[in-house]
Engineer: 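Provided herewith is a single structure, encoded as structure tokens, for subsequent inquiry.
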Amino acid sequence: MFIKRLPKFVYHVPKSASEALDLLTQYGKTAKVYAGGTDLLVAMKKREIVPEHLINLKGITELKGIHYDEKEGIKVGAAVTLADIEHSNVVKEKFCALWDAVNVMASPQVRTLGTVGGNLCSAVPSADTAPPLIAMGASVNLLGPHGERKVLVQDFFGGPKESVLQKNEILTQILIPNLPPRSSGAYLKLMRRNALDLAIVGVAAFLRLDSDKRLCSEARIALGAVAPTPIRAPMAEEVLLRKEIDEVLAGKAGEASSVVCRPISDMRSSLEYRCTMVEILTKRAILEAYRRIC
Ligand SMILES: Cc1cc2nc3c(=O)[nH]c(=O)nc-3n(C[C@H](O)[C@H](O)[C@H](O)COP(=O)(O)OP(=O)(O)OC[C@H]3O[C@@H](n4cnc5c(N)ncnc54)[C@H](O)[C@@H]3O)c2cc1C
């Protein structure tokens, strides 16, 4: 594919979120915010979008930092890079499904530039951070001219490259509630090679066990790259509830998770292969989350 040079644009570096919003209001449809540029600049080179104004969010302090609180959980600024998440001990230890995802994304170079906010706002069905965030019950803060609103990540996506984010809003923070005792998660990704590739299938599992660590008291399964948006698999979750987790039960949940899949066939994989691999990866993600609790 022939990639052209970047089209001409005016570059803005706001110092605060409110300054970024003012610029968005001033330049309207001709403006685009960007963070790492690893999605946006590629799209601009391909002339899929040609904004006249680029508003860089990376200089905004409010959008930076990873803050953990034992009661509230973790707050990750939208402009936090994937590498920052990868190197965060608190994410690795307490929110390991997100760490699993970031660890298998792109390459070290892309992770150094790319952000978690940009990954969600690109809103592609294969966005790797989406399934673990959905499985952990995360939400995002969206800031617009009339204030801030909070949206669950599972309600954020509207279709391929579409989300509930309005033209004059920016995503400021990702909030993951503290995970309860006897709970954990895992994210598994199938790709054609071991790095620098988008997911053929991505599966995140979150499990909580009862006080005897015997029965499953809470389960959330989220799937990526198998529908127009990242999705939950409620029938798979139902299979696990109030049961003892073992290989057979995890396999049944895997079968149930493929029921909600609506994948496409493309250069990465056929529809049938994606559905089969959802079954297998769901089973493995459940068993890995269970292993991490026990
Ligand atoms: C070689 C390569 C490999 C890749 N591999 C993977 C992979 O394995 N998995 C994967 O999921 N992705 C992958 N990607 C895609 C990309 O790197 C990620 O989606 C990355 O997280 C995007 O973040 P960014 O900061 O670069 O976003 P940008 O390119 O800066 O922005 C992306 C979009 O989000 C909007 N945006 C960004 N931040 C905000 C905000 N705070 N508020 C509102 N809108 C915002 C922008 O306007 C733009 O529309 C890959 C990309 C490349 C080039």
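Since the model is a prediction, treat every value here as computed from it, not as a measurement. One-based numbering, in listed order, for ligands and for the atoms of each.
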Engineer: Give a yes or no answer on whether the side chain of R268 reaches the backbone of R192 with a donor-acceptor pair at less than 3.5 Å.
Structural biologist: no

Engineer: Minimum distance, heavy atoms only, to atom 39 (C) of ligand 1: which one of I170, L57, V104 is it?
Structural biologist: L57

Engineer: Judged by modelled atom types alone, do T172 and E148 share a side-chain donor-acceptor pair under 3.5 Å?
Structural biologist: yes

Engineer: For atom 6 (C) of ligand 1, what is the nearest protein heavy atom, given as residue, atom name and distance?
Structural biologist: L198 CD2, 3.5 Å

Engineer: Would you say the side chains of N103 and Y187 form a donor-acceptor pair under 3.5 Å?
Structural biologist: no

Engineer: Evaluate the salt bridge (Lys or Arg N to Asp or Glu O under 4.0 Å) criterion for residues R220 and E237: first the C-alpha distance (whole Å), next the side-chain angles of each, then the deciding distance (0.1 Å), finally the verdict.
Structural biologist: CA-CA 6 Å; R220 284 192 291 272; E237 297 168 2; over 6 Å; no

Engineer: Has S122 got a side-chain atom pairing as donor or acceptor with N119's backbone, closer than 3.5 angstrom?
Structural biologist: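 It does not hold such a pair.
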
Engineer: Please list all pairs passing the salt bridge (Lys or Arg N to Asp or Glu O under 4.0 Å) test where one or both residues lie in residues 284-294, with sequence neighbours left out.
Structural biologist: D100-R292, E288-R291, E288-R292

Engineer: Of all the non-hydrogen atoms in the protein, which one sits nearest to atom 19 (O) of ligand 1, and at what distance?
Structural biologist: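 Ranked first by proximity to atom 19 (O) of ligand 1 is D39 OD2, 2.7 Å.
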
Engineer: On a heavy-atom basis, I'd like to know which of T81, L63, L171, T115 is closest to atom 42 (N) of ligand 1.
Structural biologist: L171

Engineer: Is the closest basic N to carboxylate O distance between D266 and R274 below 4.0 Å?
Structural biologist: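 Salt bridge between D266 and R274, a charged N being under 4.0 Å from a carboxylate O: yes.
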
Engineer: Look at atom 9 (N) of ligand 1 and say which protein heavy atom is nearest, naming residue and atom and giving the distance to 0.1 Å.
Structural biologist: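 Ranked first by proximity to atom 9 (N) of ligand 1 is D128 OD2, 2.7 Å.
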
Engineer: Looking only at protein heavy atoms, which one is nearest to atom 32 (C) of ligand 1, and what is the separation?
Structural biologist: S122 OG, 3.2 Å

Engineer: Provide the number and element of each atom of ligand 1 under 4.0 Å from a heavy atom of N119.
Structural biologist: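 It comes down to these atoms of ligand 1: 10 (C), 11 (O), 12 (N), 18 (C), 19 (O), 21 (O), 22 (C), 23 (O).
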
Engineer: Tell me, please, which residues at least two apart from D84 pass salt bridge (Lys or Arg N to Asp or Glu O under 4.0 Å).
Structural biologist: none

Engineer: Taking CD in E70 as the centre, count heavy atoms belonging to other residues, nucleotides or ligands within less than 6.0 Å. Is the count above 12?
Structural biologist: no

Engineer: Quick test: of every protein heavy atom, which one is nearest to atom 47 (O) of ligand 1, and how far off is it to 0.1 Å?
Structural biologist: V33 O, 2.5 Å

Engineer: What atoms of ligand 1 come closer than 4.0 angstrom to any heavy atom of A35?
Structural biologist: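 It comes down to these atoms of ligand 1: 25 (O), 30 (O), 38 (N).
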
Engineer: What protein heavy atom sits nearest atom 37 (C) of ligand 1, and how far off is it?
Structural biologist: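 Of every protein heavy atom, G118 CA, 3.6 Å lies nearest to atom 37 (C) of ligand 1.
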
Engineer: Among side-chain atoms of Y68 and N178, is any donor-acceptor pair under 3.5 angstrom?
Structural biologist: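 Yes, a side-chain donor-acceptor pair sits under 3.5 Å.
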
Engineer: Look at atom 34 (O) of ligand 1 and say which protein heavy atom is nearest, naming residue and atom and giving the distance to 0.1 Å.
Structural biologist: C121 CB, 3.3 Å

Engineer: Considering the heavy atoms of L165, write down every atom of ligand 1 situated less than 4.0 Å from one of them.
Structural biologist: 43 (C), 44 (N)

Engineer: Answer side chain, backbone, both or neither: which part of K189 comes under 4.0 Å from ligand 1, heavy atoms only.
Structural biologist: side chain

Engineer: What residue and atom, counting heavy atoms only, is the protein's closest point to atom 28 (P) of ligand 1, and at what distance?
Structural biologist: G37 N, 3.5 Å

Engineer: On a heavy-atom basis, I'd like to know which of T38, L40, N56 is closest to atom 26 (O) of ligand 1.
Structural biologist: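 Among T38, L40, N56, the closest heavy atom to atom 26 (O) of ligand 1 comes from T38.
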
Engineer: Using a 4.0 Å heavy-atom cut-off, which part of T129 comes near ligand 1: side chain, backbone, both, or neither?
Structural biologist: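 For T129, no heavy atom sits under 4.0 Å from ligand 1.
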
Engineer: Please identify which atoms of ligand 1 are closer than 4.0 Å to at least one heavy atom of A127.
Structural biologist: 11 (O)

